[in-house]
Amino acid sequence: MSDTRFAFLIGLPVLVFLVLVVAYPLGYAIYMSLHQIVFFGGYRANFVGLKNFIDVWSDKSFINAIWITLRFTVTSVVLTMILGLCLASIMNQRIRMAGLVRTLLFLPWCVSSYAAGLMFGQLLRGQTGILTTISFAFGGTQGVDLMGRATVVEVLAVANAWLMSPLVAFFLLANMKTIPKRLYDLAAIDRLTRWETFRYVTLPPLQFTLFVFASITTVLSMKMFDMILIMTGGGPGTASATLTYQIYKRSFKDLNLGYGAAMSFYLLFFILGATFLIYLVWGRRVSR
C-alpha cells in the first residue's frame with residue numbers, strides 16, 4: 001500500500017465523522033433557511049428562496065443584536081487577553097507552593113459556562129449580589145445591581161473572561177518558559193524597569209500565542225449562548241440579547257426555523273469575517 005493510500009485509509013474515519021456531524025447539519029440548515037417551516041396543521045416546508053435572508057435586515061432586533069454581540073466580543077477578548085497575561089506573569093514568578101497556585105488559577109476553566117452563569121448571576125444581581133451585601137453591611141439602604149441595562153454586557157464579558165483566561169494563561173506561561181534567561185540578565189544590566197522588561201523582553205515572543213488565542217476567544221465569544229441564557233435570559237429587556245440568543249428565540253420560541261437558520265448563517269459570516277480581520281491586522285505581522 002502506498003503512503004497516500006495508507007494516509008487516506010487512516011483519515012477516512014475522521015472524514016466520515018466530519019460528514020456526519022458537520023456536513024449534514026450544515027446542508028439541512030441551508031435547506032431550512034430557504035424555506036418557511038410551518039408546524040401548525042402538519043409539518044410543511046414552503047420554498048421562499050432568499051426571503052428569510054432579506055427580511056432579517058429589516059428586523060430591528062437583529063441589528064440591535066449585532067451591536068450587542070460586537071460589544072460583548074470586543075470586551076471579552078480584551079479582558080481575557082489582559083487577565084491571561086496577568087495570570088501567566090504571576091505563575092512565571094518563583095513563589096512558594098507554585099503547583100497549588102497554578103491549580104487554583106486553572107480551576108475556572110474546569111467550570112461549565114452553565115455553572116458560571118448561575119454563579120455570576122447570583123453574585124451580581126441587586127437582591128442577592130455580594131455588592132448589595134457589602135453595601136448593607138456598611139449602612140447602605142439600596143442594593144447594587146450590576147445586571148442593569150447599562151452594564152449587563154460588560155458583566156457578561158467579565159464572566160466570560162473569568163472562564164477563558166486560565167487556558168490562555170497556561171499557554172502564555174508555556175511560551176514564557178521558552179524565553180532565554182540571559183535576556184532578562186541583559187535587561188537587568190541595562191537597568192530596564194519592570195515595565196520595560198515586560199515590553200521589550202517578555203511580550204515580543206508572546207505575540208503569536210496572543211494572536212491565536214485572540215482569534216479563539218473571538219469565535220467562542222461570538223457563539224456564546226448557554227451562559228447568557230442562564231445569567232440574563234437576554235435581558236433586562238433585550239439589553240443582552242446577542243445574535244445567538246436571537247437565533248434561539250426565533251427558532252425555538254417563535255418556531256420560525258427558516259428565519260432562525262438564516263440568522264445563524266449571518267452569525268457564521270460575522271465569525272469568519274472577524275477572524276479574517278484579526279489575521280489581516282495582526283496575524284500576518286506576527287507569523288512572519
Task: Single-linkage hydrophobic cluster, 4.5 Å side-chain cutoff, Leu85 and Phe106 together - done: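 Shared cluster, yes.
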
Open item on the list: With a 4.5 Å cut-off on side-chain heavy-atom distances among I, L, V, M, F, W and Y, is there a chain of contacts connecting Met91 to Ile179?
Closed with: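 No, it is not one cluster - the side chains of Met91 and Ile179 are not joined through contacts under 4.5 Å.
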
[X] side chain to [Y] main-chain N or O, any donor-acceptor pair under 3.5 Å?
X	Y	result
Thr80	Val77	no
Thr75	Phe72	no
Thr244	Met224	yes
Tyr279	Arg284	no
Ser112	Ala115	yes
Asn256	Arg250	no
Asp190	Leu192	no
Thr193	Glu196	yes
Arg44	Phe39	no
Ser215	Phe211	yes

Open item on the list: Please give me the minimum heavy-atom distance between Arg149 and Thr238, naming the atom from each residue.
Closed with: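 Shortest heavy-atom separation between Arg149 and Thr238 comes out as NH1-N, 4.0 Å.
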
Task: Atom OH of Tyr200: over 12 foreign heavy atoms under 6.0 Å - done: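 No, the 6.0 Å shell around OH holds no more than 12 heavy atoms from other groups.
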
Report the distance from atom [atom1] of [X] to atom [atom2] of [Y], rounding to the nearest 0.5 Å.
X	Y	atom1	atom2	result
Leu257	Ile247	CG	CD1	12.5 Å
Leu15	Leu20	CG	CG	11.0 Å
Leu156	Thr151	CG	OG1	9.5 Å
Gln36	Asp55	CD	CG	9.5 Å
Ile82	Ser165	CD1	OG	11.5 Å
Asp254	Tyr248	CG	OH	10.5 Å

Open item on the list: With ring pair (Phe, Tyr, Trp, His ring centres under 6.0 Å) as the test, pick out the partner of Phe62 among Tyr266, Trp67, Phe53.
Closed with: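 Testing each of Tyr266, Trp67, Phe53 against Phe62, the sole residue satisfying ring pair (Phe, Tyr, Trp, His ring centres under 6.0 Å) is Tyr266.
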
TODO: Sort out for me which residue in Cys110, Pro108, Ser113 forms a side chain to side chain contact (heavy atoms under 4.5 Å, CB included) with Leu163.
DONE: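 The side chain to side chain contact (heavy atoms under 4.5 Å, CB included) with Leu163 is passed solely by Ser113 among Cys110, Pro108, Ser113.
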
Open item on the list: With side chain to side chain donor-acceptor pair (under 3.5 Å) as the criterion, how do Asn160 and Ser221 come out once you've worked through the C-alpha distance, each side chain's angles and the decisive distance to 0.1 Å?
Closed with: CA-CA 8 Å; Asn160 195 31; Ser221 298; 3.0 Å; yes

Task: Pair Asn175, Thr209: side-chain N/O donor-acceptor within cut-off below 3.5 Å - done: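 Looking only at side-chain atoms, Thr209 and Asn175 do form a donor-acceptor pair, the distance falling under 3.5 Å.
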
TODO: Scan side-chain atoms only and decide if Thr232 and Tyr245 contain a donor-acceptor pair under the 3.5 Å cut-off.
DONE: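 The answer is no; no qualifying pair exists.
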
TODO: Taking the six-membered ring for Trp and the full ring for Phe, Tyr or His, determine whether the centres of Phe120 and Trp162 are under 6.0 Å apart.
DONE: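 Yes, the ring centres sit under 6.0 Å apart.
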
